[in-house]
2 protein chains.
Amino acid sequence: MREKPLRPHLRKSAGLNASLPSGAAREAVEALGRRIVAGIWPPGATIPIEPELAQVLGVSRATVRDAVKVLSGKGLLRTARRYGTRVRPLEEWHLLDPDVAAWHGPAHPRIGRMFAETTELRCAIEPAAAALAAQRATPEQVRTLLAAAEALRPGEVDIVALFEADRRFHCTILDATDNLMMRQLQGIITTILRISYEFGVQKVDGRPVSREGHFLVAEAVARGDAAGARREMERMLDLNRAIAEAYWRNRAMAENPAGAAGGGWPGV
Amino acid sequence: MREKPLRPHLRKSAGLNASLPSGAAREAVEALGRRIVAGIWPPGATIPIEPELAQVLGVSRATVRDAVKVLSGKGLLRTARRYGTRVRPLEEWHLLDPDVAAWHGPAHPRIGRMFAETTELRCAIEPAAAALAAQRATPEQVRTLLAAAEALRPGEVDIVALFEADRRFHCTILDATDNLMMRQLQGIITTILRISYEFGVQKVDGRPVSREGHFLVAEAVARGDAAGARREMERMLDLNRAIAEAYWRNRAMAENPAGAAGGGWPGV
DNA sequence: ACCTTCTTTACGTCTGATCTGAAGCGGGCA
DNA sequence: TGCCCGCTTCAGATCAGACGTAAAGAAGGT
C-alpha cells in the first residue's frame, strides 16, 4: 500500500456536499431525503420497509440501505430491528448540514423558520468571525473581500453573479478566521443565502444588497480593525434581519391574512 | 403502511450520537474513525482496499462499506472507482460532529488547536444564545439553569457530577434559545467540555469552575435581562479562555520547552 | 392483572458475483 | 518526439439471495 500523491480528480464539485459521488446511491439519498424533509412521512412515522423502498426507487436493497445509512448520519432516520426505519423528530435533524437545509424547498412550510433561525445564528457568528478575520486575514483574503464587495453592484441584473459575490464575501470572512470550526458553517450560510436569492428576499426594499455595508466590513478587516469589523458586520446583519423579517411578514400575511402563517416567521 | 404512534424505545441514549445502534457496524466506524483521526493514514493517503479492511476488522466487506459510507458522511473519507478510498483533507472533516471531535483523544497532537477553536466558537455563540435565552426561556429552563449553577460547588470532588452540571447549564442555554440551529451546537460543546474535564483544564487555577459566573448568567436569564445575560456569559467565557490559554501554554512548554508545541495553541 | 414464553417481523450481516468508470499502458499516426 | 486513441486493469458500486438476531406483540400460564 504505497501512498499516492493526492491529485484532485473532481475539480468542480457541483457546490454541494459530494459525500456520494456516484449515481444510484446519491439519487436514492436525494429522493428519500427530499421526501422526508417534505413531510411525506411525519416525524415518528415508520417509512416503508427496505424491499418496498427498493422497488419504489428502482434499486437494490443494498443501495436502499446505503441511502438510509447516510440519512441516519444526517439525523433524519433511526433504524432498529423489528421497529423498521422511522423518521426522527425534527429537533434531531442535522439542520446545519447543507444537504438537509437545501432539501427544504422554497415552498416548504418551515422555510421561514429556517431562515429566521439561520439569521439569528449568523448574527451570533459573523460579527465575531469578522473580528477574528481582521486580526488574521491574509492579503489575498483582503483582496477577495474587497473584490466581492465591489461586485455587489446595486443595478446588477445577473442574480447569479450577485449571489456568488455575496457568498464569496461571507465565506471568505469565515475562512479568514483560520478557525476550522467556524469554517464548518460556510455550508449552511451558503445554502441559506442561495435560498434567499432564489426567493428574491434580498431585493425586498428595492436595493439588492448592502454594498456599503460589505465595503465597510472589508475595509475594517483590511486595516486590522477588529472592533470596527465586528460593529459593521453587526450593522449589516441587523439590516439583513430587518429586511428578512419584513419580507417574511408580508409573505405570511399574503398566504394567511388572518395572522401568522403556520410554520412561518416565529414570534420573535 | 399504517402510521404507528411514536413511542420512544431508547429512553437513555448513551449521550453520543446514536446513528449506528448496532454492534458490528458501529465498531467498524469507531475503529476506522479513530485510526483516521489518529493519523494512521494522513490526509490524501489511500487506505487499504475493502477486502483488506474487512480482514483486519474481522467483518465482512459489506460492513466495511457501511462504515466507509458513514465516515464519508462525516467528511473524513472520499471514495471513487479505481482511486480507492482516500482520507480527505482536514479542512473538510466535520469537526462539529461530536463523534469526529470525540475521536481526538486527550493525547492527540491537534487537541490543543481543537480546544482553542472551539473556545472561539463558544465566545461567539454562547453570549448571543444567553441573550436569546433571556427572552425565551421557560420557567422550567430557568429552574434547570439555577439548579445547574447551584451544583457547581467549588469543593466538589465528584468530577463527573461537576461535568454533568456544567454540561446541563450550557446545553440548557442553547435549548432555551428555541433555535434549532443553535441547538445543533450542543453536541460539540458537550464533547469539548468532556475533554476539558478529562484533562482537568477547569482546575488549573485551583478553583473548579466559575460558580459565580454561571449564577450571574442564570439570574440574568431569570429576570429576562438579555443584555445582562450576554455580558455575564462573555465575562465567563473570557475567564474560561484565559484559563484554557494558560493551561495549554503550560502544557506546550512542558512538552516542548523550546517553544510552542506542534499543533498546540495557535498564535492567537 | 401480571409475568413468562413463543412467534413474527424487519433490520443486520454475510457471501459471492457482476457492473462500471477511471488510471495507466501501449500502439498508431503526424 | 509527441499527441491521440483504444485496451487492460483495478477497486469501488451495485446487485442477488441467504441467514442471523433482537425486539414487539400475541399467547399462555399463574
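The analysis underlying the following values was restricted to heavy atoms, covering all of them including side chains, and did not include hydrogens, waters or symmetry mates. The shown structure was predicted, so the numbers you read here are calculated from the model rather than taken from an experiment. Letters A, B, ... are given to chains in the order of the sequence lines, protein chains preceding strands, and every chain is numbered from 1.
In this structure, the CD atom of B:Glu50 is 16 Å from the P atom of C:dG16, given to the nearest Å. Between the CD atom of B:Glu27 and the P atom of C:dT13 there is a distance of 10 Å, rounded to whole Å. Here D:dA13 presents its P atom at 9 Å from CZ of B:Arg61, a figure rounded to the nearest Å. Rounded to whole Å, atom C1' of C:dT13 lies 20 Å from atom CZ of A:Arg82. As rounded to whole Å, 12 Å separates atom P of D:dA13 from atom CG of B:Asp66. Put simply, CD1 on A:Ile49 is 13 Å from C1' on C:dT8, counting in whole angstrom units. A straight line from CD of B:Gln55 to C1' of C:dC14 spans 16 Å, rounded to a whole angstrom. Look at CZ on B:Arg26: it is 12 Å from P on C:dT13, rounded to the nearest Å.
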Exercise for the section: Run the numbers on B:Glu50 and B:Lys69 for salt bridge (charged side-chain N to carboxylate O under 4.0 Å, His left out), then give the verdict. Expected result: CA-CA 12 Å; B:Glu50 292 177 352; B:Lys69 194 133 302 198; over 6 Å; no
Practice task
Could you walk me through whether A:Gln186 and A:Asp175 pass side-chain contact (heavy atoms from CB on, under 4.5 Å), step by step?
Solution key: CA-CA 8 Å; A:Gln186 289 181 128; A:Asp175 250 337; 3.7 Å; yes
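At a cut-off of 3.5 Å, with distance as the only test, a side-chain donor of B:His170 or B:Glu126 sits close to an acceptor on the other residue.
Looking at heavy-atom distances under 4.0 Å, A:Val59 makes contact with sugar-phosphate atoms alone, never a base.
Other residues, nucleotides and ligands contribute more than 12 heavy atoms inside 6.0 Å of the CD atom of B:Glu150.
A sub-4.0 Å separation between OP1 or OP2 of D:dG12 and a side-chain N or O of B:Thr85 is present. OP1 or OP2 of C:dG12 sits under 4.0 Å from a side-chain N or O of A:Arg65. Note on A:Thr63: every side-chain N or O is 4.0 Å or more away from OP1 and OP2 of D:dA13.
Residues A:Arg65 and A:Val70 fail the side-chain proximity criterion, which asks for heavy atoms closer than 4.5 Å.
Nearest nucleotide to the B:Ala62 side chain, out of C:dA10, C:dT15, D:dG12: C:dT15. Distance from the side chain of A:Ser60 is smallest to D:dC15 among C:dT20, C:dT15, D:dC15. Side-chain proximity of B:Thr79 to the nucleotides D:dA13, C:dT13, C:dG12 is greatest for D:dA13.
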